[in-house]
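A short worksheet on the structure shown next.
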Amino acid sequence: MAKARKQKIEDQRPENSSAAVVRHQKLCISIDMDKRLIFGYTELKIDVPETGLVGLHADNMTIERILVDGEPAEFEFFPHYQNVDNERRWRSVSCTSSASDAACSTYMSSLDKEVSPNLLILCRKSSKSTSDQEGRINLVNNLEHSSGEAKNDFSSSNGHVVDENVKRVRIDYWVEKAESGIHFRDNVLHTDNQIRRAHCWFPCMDSSLQSCCYDLEFTVASNLVAVSNGTLLYQVMSKDDPPRKTYVYKLSTPVTAEWISLAVAPFEIFPDRHNSLLSHMCLPSSLSKLQNTVGFFHNAFSHYEDYLSSSFPFGSYKQVFISPEMAVSSMSLGASMCIFSSQVLFDEKVIDQTIDTRIKLAYALARQWFGMFITAEAQNDEWLLDGLAGFLTDSFVKQFLGINEARYRRYKANCAVCKADVNGATALNLRVASTEIYGTQCIGLYGKIRSWKAVAILQMLEKQMGPESFRKILQVIIYRAQNTNRSLRTLSTKEFRHFANKIGNLERPFLKEFFPRWVGSCGCPVLRMGFSYNKRRNMIELAVLRSCTATAGAITSISNGNPDSETREGDVGWPGMMSIRVHELDGMYDHPSLPMAGESWQLLEIQCHSKLAARRFQKPKKGSKPDGSDDNADGAPTLDMRSGIESPLLWLRVDPEMEYLAEIHFHQPVQMWINQLEKDKDVVAQSQAISTLEMLPNQSFSVVNALNNFLTDSKAFWRVRIEAAFALAHTASEETDWAGLLHLIKFYKSRRFDATIGLPRPNDFHDFPEYFVLEAIPHAIAMVRAADKRSPREAVEFVLQLLKYNDNNGNPYSDVYWLAALVQSIGELEFGQQSIQFLSSILKRIDRLLQFDRLMPSYNGILTISCIRALTQIALKLSTSVPLNRVSDLIKPFRDLETVLWQVRIEASRALLDIEFYCKGLDEALSLFMIFVEEETSLRGQVKLAVHVMHLCQIKCGPELSNAIKSSTLVALLRLLGSRKAFNNVFLRHHLFCILQILAGRPPTLYGVPKVVVHPVEDAETCNPVVDAETCSDQKAKPFLKLRISKPQEPGADVPSNQLHDGLSAAEPAKEEDTVSNGHERRVPVVKIRVKQQPTASGRVVEIDQTVEGSRGGHNESELAASSSMSVDAPLRVANEPASTSHHNIEEVNSSHDHESRMTASIGSVKVMNDDEVRKELQCTADSRKVSSFEGQLSPSIKTNNNEMDAQRYSCSQTLSGGRQDDNATMLAPQVQNSMEKRRKEKKEKKEKKRRREEKSGEKRHRDDPEYLERKRLKKEQKKQREKEMEKQRIREAKESSVDCQKAGRIVETSANPTTSVDSKKWEEAESKATKSGVEVRSVSNEGSTVHKLRIKFKSRTIGNS
């Protein structure tokens, strides 16, 4: 039966929506550049809810007054950022793990505050509220998610909003010395689109789901130009002295506040010559570069309009270029405009920057359609807009840069996605990933991976439905948004899926599996394949092993965390069929015969179309030897050669059209890879062949010749030719007589050397593809290594010769990138005894280049940057002979904040960090990094330094890292994370958080950090996990416990970790393959409870430490509770006694949440082999008064003293099983296990009979009830799943019991006093008598001694009766 239809999001909302909605906003501000002051007002037209309270976002400003419909209104304003740093706040930080937990708390607390409105305005008295206090309570409860509940388009016909509820709210404010959201530098002002920073320069509803139209007015000095969103209506010159100019813009298309941008500077305006809607602006010093850079842009603009069959959605489009040290990132998007760094500009002499700049500008234009004009319906739909913009950019690359460039870029992006798509952080349409990590999924490496994955998934859909059908879908989306009658500008994943079915003609079953698996989950398929040719049947036998890049636990956690997920548990397949392309003698044939679902092992048979002509074999001669051999002919090798070579197959390819985002490892003979490289014209096939041939363990001359032939082929794509050059360098070795190195040198000399004099000719860069290939050759030669891992002498001499005789006279193009590549290749050299003599000459050449570049700065300081990088690499490799202090002194002047370019300054800082890292360690490097961040003025430079330190931490990551970092360094990082500098720079704050996570061995993402356990750390008492015992009111009567809770790592990840610390040995159960944690998963939570007691008369205390690490099933919620009492009827154990643990009753763990409940921990499965073979059980009960609720499996670590113990009670009860044996003990008798299994089955059968009777009695009543049938079906599925889990649990228990019975021989010792020795035979006799008689055995000690008074209950059962 089909599932009941889920209620739409709109239907799930309450009828009386309490969210205020902004219909229109007007912004009028005046800017004083000298005083760095912004003042003015904003007027909002707001639909006021019934409560009468409106919540807006505002920060870093002073509110003068607020008027509602012209009358003063009451308001409350509190900033989001509050400096609460004090000495006691971080006193609990002692290691990297605790620092990571504190970083999670601090970061998530700040993000959670920024989401909430902080400017509360009382527009009118609420009819339902009786007091201001009650109104504030309603505001806190209802405005937390006001942005998420508000719809973009509202009308009076919906029944919730009427015209009298619309209020005009005017806010007069001013901003002085703004540091976030808007930035001043000299006579330039600009904004950025950092996450939730628009409200730092004007009050608004700063939410991604709240949009409206804008009227914008900016008053600036008369010599400045104000550029903003929308259409420029007019300019007004005031009569002030000096005169000021007002720019008036109107934005008729509703957008979110995040996309409102402003740039003010003495810009030079360059109108586009081909399209009047386009305007390009930059500072006067960059005008010539601007004219050369944007010459192509009208082509991209026209291409998008033609592809979408629609005109540009905004009235005009403006591109603004500012200095790179001012920009937060290389691109800051805004509605109808975009602010770029002038670093992307280039003149007609620069070649290397052209492709990257054009793609960047084309992507920013594509975002105007998808992202600004078409918006996401919900936060988890933003992937779709990002993917559509990338898809549109890819169409531009195909049209103007070539299909080879587009396919090569896509192939490399897919490879990167497959390597990084290993956990839930890369899941696209995941509600948890979008809401609980506050939009940080678009920052850093994970943001790039998500963008590439979104584009790849859309291109997969395009392959399934066809290019024209996919293009028609995009046209329909734009058309319905531009429809004046009923404009619908939001797009959701569900709607796009509907379009794929109706317009793309994709079947619903396919889409029902495609979107949950690719969009709503993580992981990419990994295929390992090989084949064999059956000559008799003329058929290919293909063996396939399919796996996934993500673990089963990560996929399951996503399914559990996403209520809308439709992925079937245990199914890691993908929908559709993958194609196998067979190149035969008679032609090429595609076989879509590889299913991507089902069994992981598959064996396919593919029929070949070509046949070889039959060839007769010569009969053996009469004089042949008995073994079939002949003196004149070798017959056996002939048969081998025929079976190995004579086949109709040339080469095979898997998924040739990249219809799947998959990682493919295909094995075929070397000659087939050579055929693929030489004869296949697809750049992806060529790149795959080169990478495979490069990694062959034994290189042959045929491989080297094939790579050399491809390198010298000028018709091949230049990027793949560069790969061939590096592959040749990899194959160069003494075994191949350095053939790869000789081929590289010969190729370069044939293109660039004068044969008569044997020296390089002057540069000539007219052939761009040949220029890029030759530019990479020196770097490839520098990568050649001899057997001693050093560079050959010939390689060092060749690179030095190129650097010495470089001549750019008569060349119309700049050689700055050419020289930079030569210098970087020097940094890759490894100097040995034969080549160290060239080091002084090389250093002199680098010094000359530095001096030359200081006098005549190169483009963006590229040459100086490469020289600094090369010097650093040489110094680190030759640290024993080159003094690093002198190298540091040489690099430090390049950090001058006033005279050095921004790019050079950042590279110098990176070099000093590298030297500090490799010489003094990571701790010193982190300290130096924080100094550099405090000194760095540019926001983008701060981010680049943080990214570099992240890479250093990833190099050093390991178990020994926790001791390598001082606690003072960790505290300094945490203070920087919570500082004003981090608040002003969102990207820096996120990377600081990632650094602290990497130091603790955790993934650098907020995904997997449960929101429920995060508490604000404003107070040291609340954030300190160790609570002082003196705070307990009744400490004299009862001991107090100490809790230490480490944060959970990966929600829903089942990580079995039954380990005992502090000298306790445990038999660890075998881990299943799908539950093994890896380095990217977070560690399981550990709870340690220490029970303190009053000392005895003698003052001696005996402590027993027992630590149990258990798996966790979900998010962790913990609070400190009052102390509880515990009575223990069991003997004490010595600290070094072995114990075994097992986890049972998993479903009952989470069910005990009531107070005054009992917690039972039974120590069972104790088998003492004596004459009667009895089984003893030791039971201990604990009566808990107050409960701290946990949602997952937590394992306590209990430390007890000699008096009665008090312990913290959890809502989950742990079952600890321990076994004891004598020296002659053997394994548990099979009869006992059989009897226990028999009792389980009988109990199960009784429950099953009872359930059947109940179902039979109510079957007639519920036969026609669809809800009952649905519940019944779900119950059956849950039952099957429980049976599978129980079966796995029984298997694990059997393994554990066998190991426990062998090793756990001293669980219950003969005496409670560890210092007293007792005769084992007497103790066994006492046990036997007590067991037979069923009496209690008590061990009594004298008063004042340190020994407990113990009672041991023995429940005897004979084996036959059990």
Task: salt bridge (Lys or Arg N to Asp or Glu O under 4.0 Å) against Lys679, all qualifying residues, sequence neighbours excluded - done: none
TODO: Provide the full list of ring-ring contact (aromatic ring centres under 6.0 Å, His included) pairs with a residue in residues 815-869, sequence neighbours left out, each pair given once.
DONE: Phe765-Trp818, Tyr771-Trp818
Open item on the list: Nearest 0.5 angstrom please: Gln837 CD to Leu839 CG, how far?
Closed with: 11.0 Å
Open item on the list: Quick one about Gln686 and Arg721 (side-chain donor to acceptor, distance below 3.5 Å, no hydrogens or angles considered), yes or no?
Closed with: no
Task: Under 3.5 Å side-chain donor-acceptor pair for Asn292 and Asp347 - done: no
Task: Asn709 side chain to Glu678 side chain, donor-acceptor N/O pair below 3.5 angstrom - done: no
Open item on the list: My understanding is that only residues two or more places apart in sequence, or in another chain, count here; which of them pass ring pair (Phe, Tyr, Trp, His ring centres under 6.0 Å) with Phe340?
Closed with: Phe321
TODO: Would you mind reporting whether Val823 and Cys867 have side-chain heavy atoms less than 4.5 Å apart?
DONE: yes
- [ ] Sequence neighbours left out, what passes salt bridge (Lys or Arg N to Asp or Glu O under 4.0 Å) with Lys746? Give chain and number order.
- [x] none
Open item on the list: List the residues meeting salt bridge (Lys or Arg N to Asp or Glu O under 4.0 Å) with Glu775, not counting sequence neighbours, and say none if there are none.
Closed with: none
Task: Spacing of CD belonging to Gln824 relative to CD1 belonging to Ile865, to within rounding of 0.5 Å - done: 9.5 Å
Open item on the list: What's the separation between atom CG in Leu278 and atom CD in Gln319, rounded to the nearest 0.5 Å?
Closed with: 7.5 Å
Task: Contact check, side chains of Asp754 and Leu759, non-hydrogen atoms, under 4.5 Å - done: no
Task: Gap separating the CG atom of Asn414 from the CG atom of Asp421, nearest 0.5 angstrom - done: 11.0 Å
- [ ] Could you tell me whether the side chain of Leu707 reaches within less than 4.5 Å of the side chain of Leu677, counting heavy atoms only?
- [x] yes
Task: Lys289 with Glu348: basic N within carboxylate O range, under 4.0 Å - done: no
Task: Pair Asp713 + Lys681: basic N to acidic O under 4.0 Å - done: no
Open item on the list: Between Leu696 and Val703, is there a side-chain heavy-atom distance shorter than 4.5 Å?
Closed with: yes
TODO: Would you indicate whether the side-chain heavy atoms of Val670 and Ile674 approach each other to under 4.5 Å?
DONE: yes
Task: Contact check, side chains of Tyr918 and Ser879, non-hydrogen atoms, under 4.5 Å - done: no
Task: Separation between OG1 of Thr712 and NE2 of His743, rounded to the nearest 0.5 Å - done: 9.5 Å
Task: Test item: Asp896 side-chain N/O and Val900 main-chain N/O as donor-acceptor pair under 3.5 Å - done: no
Task: Non-neighbouring partners of His779 that pass ring pair (Phe, Tyr, Trp, His ring centres under 6.0 Å), sequence neighbours left out - done: Phe726
- [ ] Any ring-ring contact (aromatic ring centres under 6.0 Å, His included) involving residues 662-690? Give me the pairs, sequence neighbours left out, ordered by first then second residue.
- [x] none
TODO: Can you run down the salt bridge (charged side-chain N to carboxylate O under 4.0 Å, His left out) pairs that involve residues 815-829, sequence neighbours left out, and say none if there aren't any?
DONE: none
Open item on the list: Treating Asp737 as the side-chain partner and Ala739 as the backbone partner, does any N or O pair qualify as donor plus acceptor under 3.5 Å?
Closed with: no
Task: Ionic contact status for Glu830 with Lys789, cut-off 4.0 Å - done: no
TODO: On the 0 to 90° scale, with breaks at 30° and 60°, tag the Phe753-Tyr748 ring pair as parallel, tilted or perpendicular.
DONE: perpendicular
Open item on the list: Ignoring hydrogens and geometry beyond distance, is a side-chain donor-acceptor pair present between Asn806 and Asn763 at under 3.5 Å?
Closed with: yes
TODO: Report the C-alpha distance between Asp356 and Arg409 in whole Å, list the side-chain angles of each, state the deciding distance to 0.1 Å, and finish with yes or no for salt bridge (charged side-chain N to carboxylate O under 4.0 Å, His left out).
DONE: CA-CA 12 Å; Asp356 293 338; Arg409 283 180 171 270; 3.4 Å; yes
Task: Asp914 versus Thr872, side-chain donor and acceptor atoms under 3.5 Å - done: no
- [ ] Give a yes or no on whether the ring-centroid distance for Phe301 and Phe297 is below 6.0 angstrom.
- [x] no
Task: Basic-acidic side-chain contact under 4.0 Å: Arg905, Glu325 - done: no
- [ ] Report yes if some heavy atom in the side chain of Ser841 is under 4.5 Å from a heavy atom in the side chain of Leu800; otherwise report no.
- [x] yes
- [ ] Please confirm whether the backbone N or O of Leu345 pairs with a side-chain atom of Thr293, one donor and one acceptor, at under 3.5 Å?
- [x] no
- [ ] Using a strict 4.0 Å threshold on nitrogen-to-oxygen distance, state whether Glu405 and Lys398 make a salt bridge.
- [x] no
TODO: Measure the spacing between CG of Asp680 and NE2 of His583 and express it to the nearest 0.5 Å.
DONE: 4.5 Å
Task: Donor-acceptor pair between Asp764 and His766 side chains, under 3.5 angstrom - done: yes
- [ ] Tell me, please, which residues at least two apart from Asp767 pass side chain to side chain donor-acceptor pair (under 3.5 Å).
- [x] none
TODO: For the residue pair Ser909 and Arg895, confirm or rule out a side-chain donor-acceptor distance under 3.5 Å.
DONE: yes
- [ ] Check whether the side chains of Ser835 and Arg790 place a donor and an acceptor atom closer than 3.5 Å, and report yes or no.
- [x] no
Task: With sequence neighbours excluded, residues passing salt bridge (Lys or Arg N to Asp or Glu O under 4.0 Å) with Asp682 - done: Arg407, Arg653
TODO: Taking ring pair (Phe, Tyr, Trp, His ring centres under 6.0 Å) as the test, write out the residues that go with Phe768, two or more places apart.
DONE: Tyr813
Open item on the list: If only side-chain N and O atoms count, and only distance matters, is there a donor-acceptor pair under 3.5 Å linking Ser330 with Lys360?
Closed with: yes
- [ ] Taking side chain to side chain donor-acceptor pair (under 3.5 Å) as the test, write out the residues that go with Ser395, two or more places apart.
- [x] His303
Task: Presence of salt bridge, Arg719 and Glu723, under 4.0 angstrom - done: no
